[in-house]
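What follows is a short report on a single structure.
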Amino acid sequence: MKIVLIFLLLMLSGCRADEAVYFEKATETNSSNYEVYIENKNISDIFDNVKTGSEIYNSTKFPDISEFEEYMGVSQDIYSMSLTLGEKVPLSFLMDTYINGKMPIIRIFPPKDTNMYSLGSLILLAKDLGSIDIPIILDFYPVYSELYDINEYKRYYKTAYETFKTYAPNVSLIWSIDAGMAGESFIYYPGDEFVSAVGADVTVSSRDIEKPLDTLFGDLSFLNYSFQGTKPLIISSLKVSHYSAESLSYTTTEAGKIISEVYSFVKEYPAFKAVIYSDADYTKNVFKTGENFSVSDTIEIRKAYRKIVSDFSKNKENIRGCMRSWYFAKKENGEFYIPAYMAVYELGMSFNWEESIPLSQLSLKYTVDEKNKRLYIVAGI
């Protein structure tokens, strides 16, 4: 995965294949290396600041998210729900978000039994949402499991953008994709013009609960470095299983640990502005099969969730408005050096291809966090 990620990022940044070795060296850490965060003034952020959110699915305990929020003892910024195209958006959900001062995100999935590219259904939804005078965010047609014909999907997504622009200017669109398909993101991505934010769906089933998270974190890193220069990112749906009805196995401790690790990982990437946990229980069906992803079922997971959500926003405040560099800066004899690739590809400067450049030679303002080994470049892109 690491080699593939490096190769793809080389293509995205326009580097030659023979420069791959330097990328690998640049991401190694030692006592003289500093993480670099670059101020990014070019991005339009619909989230304003760092947020957490939740969605409840198939729950008999909580008739609405505000009750889930109270039960969990954690204040959320985002309320989310999922519908298929053609279903009417419940006014009660929108009123609940408005009254409680929350941001509403509605995930729209294609219908199973009717035309998934219906213009009529799209116009009806747009008119319905346009009649409500509050800002609404739609996570429209998330990409998963190669469900869509690529060209038809992109055409329809652009049609959706134009339709909402005409009938519902209060609506902003998120484009999201299963994190496991991160390498295919540019195949399905409709384009910056049509998207306000990029989302990643993360699902950890009981089959994968004990596997290392390196692949997942590699996928999220790829999405971050691919889109952070132009779009805010979110975890549009996080689900971690703690029980499988098929194997009758409980993985409560492991689930709490993974939830904490995912939030902790995302904290280090300023372009990720929100994490939405999907409190979903798929075991309550007639066949008694499926997975339980609910964080509200056990005390152990509730405690882990409450702690990480409480810390999440607070710990990201110092890197707001930045993007994380793919490279590291090195400090030698009191002088900071940055790779020439950083200067060219991330700071937009022109340089001869030298291995590193003294930061003192560049007309850039920067601050240093010695405790956390971080360098903040103020005059960014």
Side-chain angles (χ1 to χ4, degrees), residues 43-57 59 62-83 89-109 129 132 134-142 164 168 170-177 179 195-203 220 223 227 231-240 259 262-263 265-267 269-280 293-296 302 305-317 320:
I43 194 167
S44 176
D45 189 356
I46 60 174
F47 296 102
D48 295 328
N49 50 39
V50 177
K51 299 182 183 296
T52 60
S54 58
E55 174 184 9
I56 53 175
Y57 178 82
S59 172
F62 309 109
D64 56 54
I65 301 180
S66 58
E67 292 195 19
F68 167 82
E69 187 178 35
E70 183 177 353
Y71 179 80
M72 295 298 293
V74 175
S75 179
Q76 306 279 14
D77 308 297
I78 298 169
Y79 287 176
S80 178
M81 73 172 302
S82 295
L83 298 170
V89 177
L91 184 59
S92 58
F93 169 77
L94 294 174
M95 292 305 297
D96 197 26
T97 59
Y98 181 75
I99 291 171
N100 289 289
K102 310 298 182 178
M103 173 182 285
I105 294 183
I106 303 170
R107 311 196 79 202
I108 302 294
F109 290 87
L129 296 180
I132 303 168
I134 61 173
I136 299 170
I137 298 176
L138 284 191
D139 186 354
F140 188 75
Y141 274 33
F164 288 111
N170 57 318
V171 169
S172 300
L173 294 185
I174 290 177
W175 176 83
S176 62
I177 188 169
V195 173
S196 294
V198 171
D201 284 7
V202 175
T203 300
L220 294 178
L223 290 171
F227 294 103
K231 298 296 171 186
L233 293 97
I234 68 169
I235 302 295
S236 40
S237 173
L238 171 62
K239 297 194 293 284
V240 181
I259 291 169
V262 171
Y263 274 89
F265 177 84
V266 171
K267 277 194 300 189
Y269 291 83
F272 274 98
K273 299 302 181 69
V275 178
I276 300 170
Y277 194 91
S278 297
D279 195 76
F293 299 96
S294 174
V295 289
S296 59
R302 281 202 303 272
Y305 180 77
R306 188 179 298 127
K307 182 179 186 305
I308 194 65
V309 169
S310 299
D311 293 343
F312 181 69
S313 299
K314 178 178 63 177
N315 291 344
K316 286 198 75 167
E317 286 299 309
R320 281 180 58 190

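Interatomic distance, Lys51 NZ to Lys273 NZ, rounded to the nearest 0.5 Å: 10.0 Å. In this structure, OG on Ser176 lies 9.5 Å from CD1 on Ile276, to the nearest 0.5 angstrom. Note that the NZ atom of Lys239 and the CD1 atom of Ile259 stand 12.5 Å from one another [nearest 0.5 Å].
By the side-chain hydrogen bond (donor to acceptor under 3.5 Å, both in side chains) test, Ser237 is found to be paired with Ser278, residues two or more places apart in sequence or in another chain being considered. Taking the side-chain hydrogen bond (donor to acceptor under 3.5 Å, both in side chains) definition, one finds that Tyr79 meets it with Glu69, sequence neighbours left out. For Asn100, the side-chain hydrogen bond (donor to acceptor under 3.5 Å, both in side chains) criterion is met by Asp96, not counting sequence neighbours. With sequence neighbours left out, the salt bridge (charged side-chain N to carboxylate O under 4.0 Å, His left out) criterion links Asp201 to Arg107. By the ring pair (Phe, Tyr, Trp, His ring centres under 6.0 Å) test, Phe47 is found to be paired with no residue, residues two or more places apart in sequence or in another chain being considered. By the side-chain hydrogen bond (donor to acceptor under 3.5 Å, both in side chains) test, Ser66 pairs with Asp64, sequence neighbours left out.
Judged by distance alone, the side chain of Arg306 and the main-chain N or O of Val74 form no donor-acceptor pair under 3.5 Å. Under the 3.5 Å distance criterion, the side-chain polar atoms of Arg302 are matched with a main-chain donor or acceptor of Ser296. Panel note: side chain Asp77, backbone Thr52; a donor-acceptor pair is recorded below 3.5 Å. Checked by atom type and distance alone, the side chain of Asp279 never pairs as donor or acceptor with a backbone atom of Ser54 at under 3.5 Å.
A 4.5 Å side-chain heavy-atom check between Leu173 and Tyr141 finds every atom pair outside the cut-off. For the pair Leu83/Pro90, a side-chain contact is recorded, criterion being any heavy-atom separation below 4.5 Å from C-beta on. Counting heavy atoms from C-beta outward, Leu94 and Ile106 have side chains that approach closer than 4.5 Å. Taking the side chain as every heavy atom from C-beta outward, Leu220 and Val202 approach each other to under 4.5 Å. Residues Leu138 and Leu129 have side chains in contact (heavy-atom distance under 4.5 Å, counting atoms from C-beta outward). Annotation: side chain of Lys102 is in contact with side chain of Ser75 (closest heavy-atom distance under 4.5 Å). Using a 4.5 Å heavy-atom cutoff, the side chains of Ile65 and Phe93 are in contact. Contact annotation: the side chain of Val309 never approaches that of Tyr277 to less than 4.5 Å [non-hydrogen atoms, C-beta and beyond].
Below 30°, between 30° and 60°, or above 60°: for Trp175 and Phe227 the angle between ring planes is between 30° and 60°, a tilted geometry. By the 30° and 60° cut-offs, the orientation of the rings of Tyr269 relative to Phe272 is perpendicular. The aromatic rings of Tyr263 and Phe312 lie perpendicular to each other, with more than 60° between the two planes, well past the 30° mark.
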Derivation of the side chain to side chain contact (heavy atoms under 4.5 Å, CB included) call for Val89 and Ile136: CA-CA 11 Å; Val89 177; Ile136 299 170; over 6 Å; no
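By the 6.0 Å contact criterion, OH on Tyr98 is open, its count of non-hydrogen atoms from other residues, nucleotides or ligands being 12 or less. The environment of CD in Glu67 is crowded: more than 12 heavy-atom neighbours from other residues, nucleotides or ligands sit within 6.0 Å.
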